[in-house]
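To start, the structure under review is shown below, and the notes come after it.
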Amino acid sequence: MTPLDFFRLVTPSQGVYCFAAISNGKVEHVFLESVEDLASISEAVIDGIDQYYTPATFKEQGKRTQANTAKVKAFWFDIDVGKANDKCYATQDEATDAIDAFLAATNLPDPLWVNSGNGIHLYWPFDQELDAEVWKPIAGRLQAFALKHGLLVDTSCTTDSSRLLRYPGSKNYRDPQNPKE
């Protein structure tokens with residue numbers, strides 16, 4: 001799947017798109033007018049720089065805030081992997097097993113999976129775009145549903161319409177000596 005195919009599945013068809021590059025803790029946002037522009041900039045992977053996008057679109061340029069979010073076209077989970085604790089799985093295999101058990105127990109449709117280098121992002125795209133105000137309480141219920149079933153999701157991410165996420169083909173440079181696809 002190309003970045004354009006992916007972005008067409010999970011982002012709205014219109015609005016202001018946001019791409020972000022993070023280097024040495026500094027975030028640089030680039031606001032774009034089309035999903036094609038988002039795909040184009042995302043394909044220019046720059047070694048050593050973490051690159052992200054927002055799944056939602058915005059009303060105005062220059063403001064990556066939930067208050068400025070216009071439309072959303074998917075639900076997402078961020079499943080963290082690292083040191084095992086009550087918010088994180090020890091390994092990707094452990095996270096994958098937990099996700100598979102969650103999906104089997106809940107009969108939710110199969111999501112799109114994106115390996116974020118350390119963790120896993122899950123997406124449930126939908127055909128119709130939602131206003132951010134309509135999307136947020138539903139995303140909150142989905143998050144509560146996951147937690148009820150014991151799936152460890154990053155609760156700061158699931159209901160954040162302005163969240164930066166990794167996309168397929170990007171690299172994770174948290175460990176600069178060992179970047180991960």
Side-chain angles (χ1 to χ4, degrees), residues 1-23 27-58 64 69 71-82 88-89 91-100 102-103 108-127 129-130 135 139 142-143 146 151-154 156-181:
M1 176 180 299
T2 68
L4 181 58
D5 293 335
F6 174 75
F7 293 137
R8 283 184 173 155
L9 280 173
V10 301
T11 62
S13 61
Q14 296 180 9
V16 176
Y17 300 84
C18 182
F19 175 85
I22 301 178
S23 180
V27 180
E28 182 178 335
H29 294 98
V30 179
F31 292 90
L32 305 151
E33 294 295 325
S34 73
V35 71
E36 291 82 9
D37 291 343
L38 178 62
S40 179
I41 196 170
S42 74
E43 289 174 345
V45 175
I46 302 166
D47 284 339
I49 297 178
D50 284 303
Q51 295 173 245
Y52 302 85
Y53 83 106
T54 55
T57 56
F58 298 96
R64 187 182 63 83
T69 303
K71 299 283 185 182
V72 186
K73 191 182 166 190
F75 295 116
W76 52 83
F77 286 163
D78 180 3
I79 311 293
D80 292 326
V81 173
C88 184
Y89 294 99
T91 66
Q92 280 205 346
D93 287 343
E94 184 182 320
T96 297
D97 290 346
I99 294 165
D100 287 342
F102 169 74
L103 294 172
L108 283 173
D110 289 334
L112 295 173
W113 295 57
V114 174
N115 180 337
S116 67
N118 291 320
I120 300 168
H121 296 166
L122 303 176
Y123 293 88
W124 287 271
F126 26 91
D127 296 332
E129 299 167 7
L130 298 177
W135 172 87
L142 180 61
Q143 175 176 284
L151 185 64
L152 303 178
V153 298
D154 181 339
S156 67
C157 181
T158 304
T159 60
D160 182 353
S161 58
S162 65
R163 175 60 64 164
L164 291 173
L165 295 169
R166 294 183 192 276
Y167 55 89
S170 63
K171 288 187 179 179
N172 183 322
Y173 288 99
R174 284 211 179 133
D175 177 358
Q177 303 308 315
N178 184 29
K180 297 178 182 176
E181 293 288 330

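For reference, positions follow the sequence shown, starting with 1. None of the values given here were measured: they were computed from a predicted structure.
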With a 3.5 Å distance limit and no angle check, can you tell me whether [X] reaches the backbone of [Y] through a side-chain donor-acceptor pair?
X	Y	result
W76	C157	yes
Q92	G119	yes
Q51	R166	no
S40	D37	no
T54	S162	no
E129	S13	yes

Which atom pair, heavy atoms only, marks the closest approach of [X] to [Y]?
X	Y	answer
I120	L122	CG2-CD2, 3.9 Å
P3	A39	C-CB, 4.3 Å
P111	L103	CD-CD1, 3.6 Å
T159	A139	CG2-C, 3.7 Å
P168	V114	CG-CG2, 3.9 Å
L108	L142	CD1-CD1, 4.2 Å

Would you say [X] and [Y] make side-chain contact, with heavy atoms under 4.5 Å?
X	Y	result
V27	Y52	no
Y123	L9	no
I79	V153	yes
L4	V35	yes

*Go through the side-chain N and O atoms of S156 and R163 and say whether any donor and acceptor fall under 3.5 Å apart.*
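Judged by distance alone, the side chains do pair up.
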_If the test is ring-ring contact (aromatic ring centres under 6.0 Å, His included), which one of Y17, F7, F58 qualifies with Y53?_
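Exactly one candidate clears the test, F7.
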_Audit row: W113, I99, side-chain contact (heavy atoms from CB on, under 4.5 Å) steps and yes/no_ = CA-CA 10 Å; W113 295 57; I99 294 165; 3.3 Å; yes
_Proximity of F6 and Y167 rings by center, below 6.0 Å_ =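 No; Y167 has its ring centre 6.0 Å or more from that of F6.
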*asked:* I'd like to check the ring pair (Phe, Tyr, Trp, His ring centres under 6.0 Å) partners of F77; sequence neighbours left out, ordered by chain and number.
replied: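 With neighbours one apart ignored, the set is W124.
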*Atom pair SG (C18) and CG (L164), whose distance is rounded to the nearest 0.5 Å*: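 If I round to the nearest 0.5 Å, the distance is 6.0 Å.
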*Looking at CZ of R64 and CZ of F19, how far apart are the two atoms once the value is rounded to the nearest 0.5 Å?*
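Interatomic distance, R64 CZ to F19 CZ, rounded to 0.5 Å: 12.5 Å.
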*Considering residues at least two apart in sequence or located in another chain, which fulfil the side chain to side chain contact (heavy atoms under 4.5 Å, CB included) criterion with A98?*
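For A98, the residues satisfying side chain to side chain contact (heavy atoms under 4.5 Å, CB included) (neighbours in sequence not counted) are Y89, L151.
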*Please list all pairs passing the salt bridge (Lys or Arg N to Asp or Glu O under 4.0 Å) test where one or both residues lie in residues 6-20, with sequence neighbours left out.*
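Qualifying pairs: R8-E36.
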*Assign the ring pair F126 / F75 to parallel, tilted or perpendicular, where the plane angle (0 to 90°) is split at 30° and 60°.*
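If you compare the ring of F126 with that of F75, the planes turn out tilted.
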